[in-house]
Amino acid sequence: MWLNYNMNIRKKITFTYVALSTFSTLLLCVLVFIMFRQNNQYHFLKRLEDRAKIVASIHFQNDPEKIRYYSNLKKNGLEELIQEEEFVLKVNSENSFEYNVNLDVPNEFYTHILQSGRDWYEVDDKYYLGQIFTENDQKYIVIVAARDRMGKNTLVFIVRIMFFGGIGFLLLAFFFGRVLARRVFYPVARITKEVQRISASNLHNRLPQVKNSPELSDLTATFNGMLDRLETSFEIQANFINNASHELKTPITTIIAEAEIMLLKDRKTEEYINSLSTIYNQASRLGNLTESLLKLTQTGYDGKKQVQDIARIDELLLEVKSDIDKIYPDNRVVVKLNFAPEDSNLLLIPCNKPLLELAINNIITNGVKYSDNNEVFVMLTANTETIKIAINDIGIGIPPEDIPHLYEPFFRGKIAAKYNGYGLGLPLAMKIIRMHNGELQVQSEQEKGTIVTIVFKKSNIKNSNVDS
Amino acid sequence: MKNFLIPTTLSPDTIAAVNAAIYQSKNADSEIVLLFVCESPDTYSASQFLREMRMQISANQENILENCRALVNTTTNCKLKIHNQCGLSTLIFKGLIELYAINLIIFPNSYQKESKKINQYLLQLATKQRCPILHLNVDHNAETCSKALFIKENNGKITLESVQNFLNDNFPLEIVSQTTHQNGHYEDAIPYINEAISKYKIDMLVQTRMNQKVKFKKNKSDDLNQKIGLPVLSLYEELV
């Protein structure tokens, strides 16, 4: 279907190109034709004018020797005029002259000559040129007529050239038009090919960036953005049960532990109230989380239509820290906020708060888990364009060959196998961060540690790029 | 020093507007200006103009005015001024804002539903001013305004930071949510907005406005205020 449509546009471009170039060539031909004809006429009339002058002069001198000489000259010396006729008509008064019956020209011709002193007209390629000469106060009309065969021949010749040239040009235009259409559509055809390559099984493939063509690079960028969203929601849908079970495990553990401790023996009312409020908090967080995960599962979730929470990223980090404190009471996570800017507004981030908390929690928990509860530093920096969170652990690290697979659900690194886990935390975190216009970078060295960097670009910068 | 302009027709919700102004003044010395407008009479002579230009106030309106006075008298920092304005133009309105050094224009809820042309004209003029505007909702409770939902213009260049910065300086509001406004199509977003409002107990909407031409629309499109039922604080983009 798409290919067909594309072909049609290609044909359309070719035909438009041919039509436009035909039109302009036609226009040029007409112009050349008219100018050429006029030029022919002008030169022929000039010749006739010269003849008229000679005729007049011979006529006035009325010398038989000269007449003979002139007719000889005409025959041998001058270029031949076909069907040449000469008339000298004596003008009697303002409106009357000696009429010659051999001369078959309309009356207006005479009157116009008498009025303006010179006129010409053409009928069937035969030109009549009339001029008034004065000799001894006597006016004469000298009319010279001849057929312009050469002019006609050259005209026919040039029309023939234009006709055949035009046909040749048309073919050339068609050929060029096709080349042009193919050139224009080459990148589109390539994109089509690339897109056909992408299917549900390899949604992580992306189109290569197109250079030198802003429209097409917009197209590929839009397409890649769509693929991002598609992939995310596709995978999240496919892994919903896994993700939900994985993420809900921790709050449920907290609730169970809390309830168990409370049920061990009779306690004071305040203790029950405290414990119940903890359980209530955890349960409502659980509710929020389930809802957010469900929202994530909705197809086409791009976080734009929905109302986003505005959170302060430093507060969010501290909340994550206090959550981790509940699960790993003796953890050594250090949240460093001293590099964060003074202006707290720079730390505002539009987000889905439960999801973002979950993502950061997963990453920090990984740091704690795979470093055998060693120190984990969480460092926050921000400026007007980006917010950056670096999570630094001194753990087992990730072998280089495992790094490309980090974001595949259920992937477990070889050396990570001795730790409890399902390989679901990081892929989900990655997706959530991508949804928030963020990037996740992992640098790691085996047996030394891992640095995970999360960079959020402020959304307005992205928007302005799209708009321009 | 913070000054408030309350355009009013002395409908009962004027009292709520005065309350809101007193709350916003935060114990700083403030002037609250009640503004009545009326069409300028079509007269030939100056004396006839003066005769016809009379503000008529009904007993009911008088009552409400008394209430407002009493309310302001309970505070120590606020003063009530009443300004009668006959006839209106862009320049006159601008002059008024400058004369009283107005920091915030507060519209009582009923004002937007006024049918008189001059009142609608004033509403439009106000949007052209650089001054922030607060449109109150039906049952406005001044004491609870602290959490705001920011409605981001789709192609607006305003960043969240700058709006929050401006709010920090001028209003005791914290933005807790934002939504992107798709060129006037609120319908899709309204369920989400309502959900967020109930979840975070949002009590104010913040939006930005750009300079627009004054025009009288025949069918007034309901604005956010009517649809969501929260007060709307409208900020002039350049000011932010």
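We name chains A, B, ... by the order of the sequence lines, and we start the count at 1 in each one.
- Neither the backbone nor the side chain of B:F150 comes within contact range of chain A, judged by heavy atoms closer than 4.5 Å.
- Counting non-hydrogen atoms of other residues, nucleotides and ligands closer than 6.0 Å to OH of A:Y272 gives a total above 12.
- Taking chain B as the reference chain and counting heavy-atom pairs below 4.5 Å, the highest number among A:N345, A:L347, A:L348 is found for A:N345.
- Separating the CG atom in A:D309 from the CG atom in B:L149 is a distance of 10.0 Å, to the nearest 0.5 Å.
- Atom CD1 of residue A:I349 and atom CD of residue B:Q178 lie 10.5 Å apart, to the nearest 0.5 angstrom.
- No more than 12 heavy atoms of other residues, nucleotides or ligands sit less than 6.0 Å from atom CE of A:M379.
- Shown here is A:K321, whose NZ atom has more than 12 heavy atoms of other residues, nucleotides or ligands within 6.0 Å.
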